[in-house]
Amino acid sequence: MGKFVLNVIHRPELLPEYIDRSAQAGQHEEVVGESLDIFRLQQEMAHRHGLKTTIQMTYASLFNRECIGIAKEHHEKFGDEISLTFLGIQCKEFREKYQTKELAIWLFSLEDKKRITDDLFALFFKAFGFHPTSTGCYYMDAEHVRYIKERFPMVKIAVATCFEEGPRVFHNCNNSWYTLLDGGPWTAWVPSKENIHCIARDASDDIGIVAIPHLSRDLLASVDSPGLWFGTHPQNILRGMVYEGDQMPYQLNMIDQYRAMGAQNRGLGYNMVFVGPGWMGKGGRWEASHALCVKVYEDMLSYYGGLKKSGELVDETMSEFADTFRAHQKGYDEPLVGLWKDILFGSGQQVMWYADPFFRVLVDLKQGGAIIDLRPYVAQLNRPVGVGTKQMQNACYPYLVQSHYRAGIFTHYAGEGAIKSCKVRYGKEEVELANCRTHGKVVDEGNARTLVLDPVTVEFSGLTVGIQTTIRFPQGTGEIWFTRKLVSASLPQARVEVDDYITSCHGTNEYSEDLTGVTLSLTGADGKVESLDYAYRCREAAVESVREAAAVVPQVQSRLSLRPEGTAAGYYREGYMFAPNLTLGLKKTIGLNEELTSCLKVAKAK
């Protein structure tokens with residue numbers, strides 16, 4: 001499996017948001033004392049199992065001599081890293097200085113982010129005599145990180161976002177949890193200077209840090225449900241009620257999935273734990289008692305510790321891992337790959353995540369290998385958040401395909417939702433491959449990663465055929481090559497039409513965005529171009545021999561194109577207000593052992 005690296009990150013929030021109300025009611029000393037006890041216990045657990053930690057000091061903890069003393073002692077005795085977090089800023093000292101109840105650093109104005117950064121780093125230096133080399137928060141926009149690197153160049157790594165903690169989590173928390181952060185990688189990456197979600201394209205675009213997500217999430221359960229139920233933090237598992245009595249086998253299975261992912265990423269697997277003290281309070285959390293909270297955390301760390309003892313895990317601090325990750329990535333276009341199977345219900349379902357400087361893609365094998373999420377990283381959209389910005393709280397990176405937010409293959413009345421899929425036709429019958437479940441494996445070809453899917457069986461009246469799909473990601477190109485091959489047929493002479501298409505729109509949530517300004521075009525094999533400006537008029541165009549079907553979406557500075565390998569017909573379709581999307585497609589009639597191969601390219605719009 002190669003090298004499996006673990007970061008255990010503890011933050012001594014002395015006034016965790018879960019029990020801060022008690023402090024505001026006059027029980028300040030009791031809350032601080034309980035929080036310190038829990039932080040000390042969490043540290044003892046990690047060390048008992050032979051694990052180093054990264055201690056991310058909070059604003060309040062930098063005013064507490066006991067907490068500073070613990071951090072110094074554990075740094076010297078166990079090799080723990082002393083770090084700094086922008087979480088846990090709310091405390092008496094912060095409120096008096098800044099006159100605000102704001103909880104989240106990313107929601108401040110850029111000027112206030114700079115002030116608070118200078119303040120925190122100065123407090124840290126006063127406490128420890130050096131500046132931290134790691135930091136973090138639930139989210140840090142690129143503007144903030146660029147400022148940190150300018151003022152404190154020694155910082156090399158940060159917890160920079162949560163994986164898929166966007167609209168689904170927002171709705172799950174009664175529309176009250178403003179961590180709208182969909183669209184980033186699920187594992188470590190080197191961010192772009194323009195947007196923290198995006199992967200840097202080259203050295204000139206490198207923001208200067210390695211970024212890691214807040215927690216390692218279940219890469220399939222987080223697709224359909226709130227990600228905060230399924231992560232490498234026992235509180236997530238308790239909150240999602242995914243446990244049995246006082247045991248958490250699902251948590252350990254998730255860890256093993258991340259271990260296995262090392263084989264997909266040329267020998268490097270990664271897992272992170274990122275916890276504060278609040279969830280272990282004496283009053284318990286969710287329906288779990290304090291004793292159960294303590295036990296499940298101990299069990300998880302014990303599992304990690306056992307892996308370390310058997311030589312199957314390396315525990316590193318955040319800054320150590322930054323060096324490990326930089327050394328492992330052989331180039332900025334080295335992709336991140338995650339083929340994940342269902343471990344929650346045992347359904348056999350698989351999804352594959354893929355990310356590089358051009359895009360982040362989610363392939364759903366339950367839907368025949370359809371792309372159900374596509375984020376155009378190549379556009380490098382600059383989207384600062386906080387007071388004074390257009391995005392306000394919305395730190396999500398926009399999509400060009402998002403089937404859960406924009407209907408997917410099923411709509412009640414008209415058209416298709418956002419998806420990249422394929423239809424097969426015989427006579428007057430049509431079968432959508434997104435209705436066909438399959439499984440697959442990832443093949444590393446050196447200069448490309450290929451997802452090879454098992455053939456699916458398609459039944460028509462009087463004909464049964466097998467269609468095999470392969471999806472190839474050539475490294476550093478922004479291209480995805482789809483091959484749809486007819487591998488079996490009950491009537492050997494039968495021919496079927498294959499329609500490979502993408503239905504797209506843009507946005508960050510469920511609500512329709514304006515497509516006015518989008519341009520659709522067809523370039524025929526003869527070089528003739530037909531185009532239209534999107535106006536919700538339900539127009540279509542087609543050519544028998546196409547060189548390229550394309551759409552320019554200026555709202556997200558992106559260009560989508562489909563082109564065939566060899567000869568194929570091509571078309572585009574303009575949507576309308578009840579079906580606000582666009583469709584590009586290629587069609588070809590094939591027989592046994594013949595195929596349609598097409599290229600989906602995502603580029604930055606000029």
Side-chain angles (χ1 to χ4, degrees), residues 84-87 102 104-118 120-121 132-166 178-214 318 322 325-326 329 332-333 336 355-360 375-399 506 508 555-558 604:
L84 178 66
T85 181
F86 288 91
L87 286 171
E102 185 64 77
I105 188 65
W106 66 91
L107 299 182
F108 284 90
S109 69
L110 181 56
E111 292 72 22
D112 282 343
K113 290 171 186 172
K114 292 178 179 180
R115 289 174 58 212
I116 295 166
T117 296
D118 290 345
L120 262 170
F121 274 75
T133 54
S134 63
T135 187
C137 195
Y138 288 145
Y139 184 75
M140 301 176 72
D141 63 17
E143 286 67 25
H144 186 198
V145 174
R146 289 201 306 266
Y147 178 75
I148 291 172
K149 280 299 294 186
E150 177 186 330
R151 292 278 289 114
F152 307 101
M154 70 291 300
V155 174
K156 61 172 71 174
I157 186 171
V159 179
T161 188
C162 293
F163 176 66
E164 298 304 88
E165 192 154 321
Y178 285 91
T179 51
L180 302 174
L181 314 176
D182 274 2
W186 60 94
T187 187
W189 76 103
V190 176
S192 163
K193 288 180 179 177
E194 297 301 317
N195 192 300
I196 208 71
H197 288 302
C198 299
I199 297 173
R201 66 177 183 271
D202 53 32
S204 68
D205 187 42
D206 187 333
I207 204 167
I209 66 163
V210 170
I212 56 176
H214 162 232
M318 283 180 64
F325 186 75
R326 290 272 188 184
Q329 296 298 96
Y332 287 94
D333 61 359
L336 310 173
D356 66 17
F358 292 89
F359 39 57
R360 194 198 74 177
R375 313 281 171 149
Y377 285 174
V378 68
Q380 296 185 306
L381 298 171
N382 185 253
R383 290 171 60 88
V385 293
V387 173
T389 68
K390 292 181 179 179
Q391 280 69 239
M392 300 294 285
Q393 300 100 337
N394 185 357
C396 295
Y397 193 83
Y399 56 75
H506 69 93
T508 58
Q555 295 90 334
V556 289
Q557 300 171 36
S558 300
K604 188 176 181 68

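Note that this is a predicted model, so its numbers are computed, not measured. Residues take their numbers from the sequence shown, with the count starting at 1.
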Asks: Got a sec, which residues hit side-chain contact (heavy atoms from CB on, under 4.5 Å) with M154, two or more places apart in sequence or on another chain?
Replies: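 Listed in chain order: H131, T133, F152.
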
Asks: Side chains of W189 and C198, heavy atoms from C-beta outward: is any pair under 4.5 Å?
Replies: no

Asks: Just jot down the salt bridge (Lys or Arg N to Asp or Glu O under 4.0 Å) partners of K156, sequence neighbours excluded, or say none.
Replies: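 Per chain and number, K156 pairs via salt bridge (Lys or Arg N to Asp or Glu O under 4.0 Å) with D323.
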
Asks: Can you sort out the partners of D118 under salt bridge (Lys or Arg N to Asp or Glu O under 4.0 Å), two or more places apart, ordered by chain and number?
Replies: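 In terms of salt bridge (Lys or Arg N to Asp or Glu O under 4.0 Å), with neighbours along the sequence ignored, D118 is linked to R151.
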
Asks: Can you find a pair of side-chain heavy atoms, one from Q391 and one from T508, that are under 4.5 Å apart?
Replies: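 Sidechains of T508 and Q391: no contact.
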
Asks: Taking the basic N atoms (NZ, or NE/NH1/NH2) and the acidic carboxylate oxygens, is any pair closer than 4.0 Å for E164 and R360?
Replies: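 Yes, this pair counts.
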
Asks: Of all residues at least two apart in sequence or in a different chain, which pass the ring pair (Phe, Tyr, Trp, His ring centres under 6.0 Å) check with Y397?
Replies: Y377

Asks: State which residues pass side chain to side chain donor-acceptor pair (under 3.5 Å) with T187; sequence neighbours excluded, sorted by chain then number.
Replies: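 If we apply the side chain to side chain donor-acceptor pair (under 3.5 Å) test to T187, skipping adjacent residues, there are no hits.
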
Asks: What residues form a side chain to side chain donor-acceptor pair (under 3.5 Å) with T135, not counting sequence neighbours?
Replies: none

Asks: Between N195 (side chain only) and L381 (backbone N and O only), is there a donor and an acceptor less than 3.5 Å apart?
Replies: yes

Asks: To the closest 0.5 Å, what do you measure between NZ (K193) and NZ (K149)?
Replies: 10.5 Å

Asks: Listed by chain and number, what are the salt bridge (Lys or Arg N to Asp or Glu O under 4.0 Å) partners of E143, not counting sequence neighbours?
Replies: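 In terms of salt bridge (Lys or Arg N to Asp or Glu O under 4.0 Å), with neighbours along the sequence ignored, E143 is linked to R146.
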
Asks: If we only count heavy atoms from C-beta on, is the L84 to L120 side-chain gap below 4.5 Å?
Replies: yes

Asks: Between F163 and W186, what is the ring plane arrangement, given parallel below 30°, perpendicular above 60°, and tilted in between?
Replies: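 Because their plane-to-plane angle is over 60°, the rings of F163 and W186 count as perpendicular.
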
Asks: What's the shortest heavy-atom distance between I148 and T117, and which atoms?
Replies: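 The pair with the smallest heavy-atom distance is CG1-CG2, 3.9 Å.
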
Asks: Angle between ring planes, H197 versus Y139, binned at 30° and 60°: parallel, tilted or perpendicular?
Replies: tilted

Asks: Does the side chain of T179 reach to within under 4.5 Å of the side chain of W106, using non-hydrogen atoms?
Replies: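 Of all side-chain heavy-atom pairs linking W106 with T179, at least one is under 4.5 Å.
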
Asks: Output all residues satisfying side-chain contact (heavy atoms from CB on, under 4.5 Å) with L87, sequence neighbours left out; order by chain, then residue number.
Replies: R11, E13, T85, C137, Y138, F274

Asks: Does the side chain of F108 reach to within under 4.5 Å of the side chain of E102, using non-hydrogen atoms?
Replies: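 The answer is yes; the side chains approach within 4.5 Å.
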
Asks: Run the side-chain contact (heavy atoms from CB on, under 4.5 Å) test against Q329 and tell me which residues pass, sequence neighbours left out.
Replies: F325, E334, L336

Asks: Supply the atom-to-atom distance L107 CG to D112 CG, rounded to the nearest 0.5 angstrom.
Replies: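 Here the rounded value is 12.0 Å.
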
Asks: Please name all residues satisfying side-chain contact (heavy atoms from CB on, under 4.5 Å) with V145, sequence neighbours left out, ordered by chain then number.
Replies: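 In terms of side-chain contact (heavy atoms from CB on, under 4.5 Å), with neighbours along the sequence ignored, V145 is linked to M140, I196, I207, I209.
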
Asks: Just so I know, are the side chains of V210 and I157 near enough to count as touching, which here means a heavy-atom distance under 4.5 Å?
Replies: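 V210 vs I157: side chains touch.
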
Asks: Do you know the tightest heavy-atom contact between P191 and A200?
Replies: O-CB, 3.5 Å

Asks: If you measure from CG on L180 to CD on E165, what distance do you get to the nearest 0.5 Å?
Replies: 9.0 Å

Asks: What pair of heavy atoms forms the shortest contact from L181 to C396, and how long is it?
Replies: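 Of all heavy-atom pairs spanning L181 and C396, the closest is N-SG, 3.7 Å.
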
Asks: Give me each pair satisfying side-chain hydrogen bond (donor to acceptor under 3.5 Å, both in side chains) with a member in residues 203-214, each pair once, sequence neighbours excluded.
Replies: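 Output for this query lists S192-D205, D202-S204, D205-Q380, D206-R326, D206-Y332.
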
Asks: Hey, what do you get for NE2 (H506) to CD (Q555), rounding to the nearest 0.5 Å?
Replies: 4.0 Å

Asks: Nearest 0.5 Å, please: how far is CD1 in I199 from CZ in F359?
Replies: 10.5 Å

Asks: For R383, give me all partners under salt bridge (Lys or Arg N to Asp or Glu O under 4.0 Å), at least two apart in sequence or on another chain.
Replies: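 R383: no salt bridge (Lys or Arg N to Asp or Glu O under 4.0 Å) contacts found.
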
